[in-house]
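One structure below.
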Amino acid sequence: MSNSYLVVQLQFFPNLFNRRTDRSRLRKSKRMGSNSMEGLPRTAVHFLLLIFCIASKCLAASGLNSTQMVTLKVDASPKLARKIPDIFLGVFFEEMGNGGAGGIWAELVSNRGFEAGGPNTPSNIDPWLIVGDDSSIFVETDRSSCFSRNIVALRMEVLCNDCPAGGVGIYNPGFWGMNIEDGKAYNLVMYVKSPKNTCLTVSLTSSDGLQNLASVNIIVAGKSKWIKVEKKLVAKGTNRTSRLQITSKKKGVVWFDQVSLMPADTYKGHGFRNGLVSMLLDLKPRFLRFPGGCFVEGGWLRNAFRWRQSIGPWEERPGHFGDCWQYWTDDGLGYFEFLQLSEDIGAAPIWVFNTGISYNDEVNTAIIAPFVKEILDSLEFARGSVNSTWGSVRAKMGHPKPFPVKYVAIGNEDCERKFYKGNYLKFYNAIREAYPDIQLISNCDGSSVPLDHPADIYDFHVYADAKTLFSMKNTFDKSPRSGPKNFQTSHLDKLADYILGCKQAFVSEYAVWKTDAGRGTLLASLAEAAFLTGLEKNSDAVEMACHAPLFVNDDIEKKWNPDVIVFNTWQHYGTPSYWMQKIFRESSGATVHPTTISSGGGGSANSLAASAITWKDSENNSFLRVKIVNFESDAARVTISTTGLESSIDVLRSTATVLTSTNVMDENSFSNPNKVVPVKSQLFEAGAQMQVTLAPHSFTSFDLALAPSKFATLADV
């Protein structure tokens, strides 16, 4: 082995010196077709592997011999190059796993309006509890709220004449505890009323109430009308599992409603948790699909997400029980906030709406008209002028400029439902007439069988084991590439042309799941990376793609695994799937080049997946990026042969980035959030002809820096 070849080896041992119910998910699955060194430190394992590799000249150690070379050919000439859609890769947010309530939406109070127990009183006020005992305090809900859309309020009666020194009252632990940090400010808003003058103390305390982090006294004037109280609390200490408590030492009655506590430092002041938004920004998503998923449909229509109920002043939003994922949301994170989040992260909004269909009930097409009007109103809210009915509501919420909604999905996974296609056509025709520029997305899969209805784009969802998803990298190789995208139902003479025409795919949910997924394994990320290389190469047939699900709160007992980002009250980390997607983040709008993999003498070509793009960084420097997944447990020796380059390669700026680990089932965690992360190093062997060795079970990205020249990607055109 040459010394230069050993350098390439070192790069692949980088640490040497340093949704829905099971039934609903099963519908998706119909489309899919021990570590002997455990316990050793990673660096020690890498060192042993390297020494072994050197001693046996690498090839024997990897199970390959000199006749088993794999060749990856890249044609980088402009002739066959093709631009990838600018909107190609994005993120999908669904309100599941407390990704919104208790997650990216920074509200710290759970059940802030006491509505989660339902409209009938008395009702359950969980997670609110009392400070004191039932001999000193009595609490119950009644229907005395000043808000017509959420009529439940909490009545607190202090019974003691000689109350304890700290008073008695109520407290809210938030979503598995509130993260209160020293020196930071928290904005309190609540509505109160009392027939007599009352003094209340509002405090941020430890979970047992013994540590006082911040407090403020509030005098409630004795009136029969509700008053709005706004205070700022500044913490004098840090506690990750704090609670908000409201106490009194005076006998009497006080009513409470809409008690909110928000950190003062949310992202752009819009209510989003900074750390989680930062994780999204690092992916450079080109679109945000929201708010579901199954959350859109509901187990029953009465529990489906309704956009009108989620806009306007937060105090007036009724909230609803998301019966798909079995928890209450106050809908502080509503339709407006999703549009705002899209704008804040620079992503195009993709609005997924209900078509009158849930898991268990459907609206007959004959009476779907009110649902169609509701969605037309939602589009006017987003896009209408300040003088329009719903555009004026948006303006009053602080956003006079329209939101650029240009994609909508007509339902979610409803293609096989009885009334879907009839309902779909009603929505399609109404939206097409009112907003002809909006791209309309069908739930029906058109990847292999032509659609029998008009659409601009069709949904494609896949959840599979790792081996199956890896094998699906060629799914869209034979999908049609040309033909009319739109078909007016009145043009029956053009039906044949329409049926033969193509639709662009939106792979709006993909992931490895079940055993292979664990809680986010390296194995899952490798299969997903291979699948994405196929989408990249077929980006003339695939318009967009995003992983699912996005967020999960680690504190909840029943989780959908895996997820891209895991968080608790104060921490977060990315799973290997997150880091895999980060390697793809420059693909949107880049130029893709043809690649072919071949082997001689029984090589391991079938266990590899690859793609190649040219892209530019923020300083306008050009790179040829070759991405390769090695899905096998053996190392793979690959010759990368690139032709058609119109620029020379700058070795000093060329790099290799590797995502791998000592065990293919390795996961990240709060205790070790960087166990499986990409490692970047200089690529000393960069060139049009390279011999590299890919680590077992790895995803590698080679970035060949192109020297300044007349070279231009299609993205420049």
Backbone of [Y] reached by a side-chain donor or acceptor of [X] within 3.5 Å:
X      : Y      : value
Arg625 : Ile583 : yes
Asp323 : Trp300 : yes
Asn443 : Gly411 : yes
Arg519 : Thr575 : no
Asn668 : Val676 : yes
Asp282 : Lys582 : no
Asp445 : Phe460 : no
Asp361 : Leu301 : yes
Gln504 : Asp540 : yes
Asn172 : Ser110 : yes

Passes disulfide bond (SG atoms under 2.5 Å apart), Cys444 versus Cys415? Steps please. CA-CA 5 Å; Cys444 300; Cys415 185; 2.0 Å; yes
Examine the side chains of [X] and [Y] and answer whether a donor and an acceptor come within less than 3.5 Å of each other.
X      : Y      : result
His547 : Glu528 : yes
Ser385 : Asn387 : no
Trp615 : Asp703 : yes
Asn553 : Asn98  : no
Gln340 : Glu343 : yes
Glu362 : Tyr420 : no

Is [Y] close to [X] at the side-chain level, that is, under 4.5 Å between some pair of heavy atoms?
X      : Y      : result
Lys426 : Phe419 : no
Val507 : Phe476 : yes
Val296 : Pro291 : yes
Ser442 : Tyr424 : yes
Tyr435 : Glu380 : yes
Ile438 : Arg383 : yes
Ser622 : Thr614 : no

More than 12 heavy atoms of other residues, nucleotides or ligands under 6.0 Å from [atom1] of [X]: yes or no?
X      : atom1 : result
Glu416 : CD    : no
Lys406 : NZ    : no
Lys228 : NZ    : yes

For [X] and [Y], which heavy atoms make the closest approach, and how far apart are they?
X      : Y      : value
Tyr578 : Met279 : OH-O, 2.8 Å
Asn179 : Tyr186 : O-OH, 3.6 Å
Ser539 : Ile84  : OG-CG1, 3.5 Å
Asn150 : Glu316 : ND2-C, 3.7 Å
Trp328 : Asp330 : NE1-OD1, 2.9 Å
Val512 : Ala527 : CG2-CB, 3.7 Å

How far does [atom1] of [X] sit from [atom2] of [Y], to the nearest 0.5 angstrom?
X      : Y      : atom1 : atom2 : value
Asp331 : Glu115 : CG    : CD    : 11.5 Å
Glu230 : Leu188 : CD    : CG    : 9.0 Å
Asn621 : Lys616 : CG    : NZ    : 9.0 Å
Met544 : Leu89  : CE    : CG    : 11.0 Å
Ser508 : Asn412 : OG    : CG    : 7.0 Å
Thr266 : Trp105 : OG1   : CH2   : 7.5 Å

Taking the ring centre of each residue, are Phe175 and Tyr327 less than 6.0 Å apart?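 Phe175 vs Tyr327: aromatic centres not under 6.0 Å.
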Looking at the rings of Phe584 and Phe699, which for Trp means the six-membered one, are their centres under 6.0 Å apart?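 They qualify: ring centres under 6.0 Å apart.
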Go through the steps for Phe506 and Tyr407 under the test ring-ring contact (aromatic ring centres under 6.0 Å, His included), then give the verdict. CA-CA 11 Å; Phe506 180 14; Tyr407 294 84; 7.9 Å; no
Arg317 with Glu337: basic N within carboxylate O range, under 4.0 Å: yes
Please determine if Lys284 and Glu586 form a salt bridge, counting it only when a charged side-chain N lies under 4.0 Å from a carboxylate O. yes
Does the plane of the ring in Phe336 sit parallel, tilted or perpendicular to the ring in His399? Use 30° and 60° as the thresholds. perpendicular
Report the relative orientation of the aromatic rings in His320 and Phe295; use parallel for angles under 30°, tilted for 30 to 60°, perpendicular for over 60°.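 It falls in the tilted class, 30° to 60°.
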Going through the distances and angles, do Phe353 and Val408 end up as a side chain to side chain contact (heavy atoms under 4.5 Å, CB included)? CA-CA 8 Å; Phe353 61 77; Val408 296; 3.9 Å; yes
For Tyr335, give me all partners under ring-ring contact (aromatic ring centres under 6.0 Å, His included), at least two apart in sequence or on another chain.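 Only Trp307, Trp351, Phe381 meet the ring-ring contact (aromatic ring centres under 6.0 Å, His included) criterion with Tyr335.
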Residue pair Asp344, Val277: steps toward the side chain to side chain contact (heavy atoms under 4.5 Å, CB included) verdict: CA-CA 9 Å; Asp344 286 351; Val277 173; 6.0 Å; no
When Phe93 is tested against each of Phe338, Phe290, Phe287, Phe272 for ring-ring contact (aromatic ring centres under 6.0 Å, His included), which residue passes? Phe338
Might you work through the side chain to side chain contact (heavy atoms under 4.5 Å, CB included) test for Ile556 and Trp176, ending with a clear yes or no? CA-CA 9 Å; Ile556 65 175; Trp176 300 279; 2.9 Å; yes
Passes side chain to side chain contact (heavy atoms under 4.5 Å, CB included), Met178 versus Val109? Steps please. CA-CA 8 Å; Met178 299 179 181; Val109 177; 4.1 Å; yes
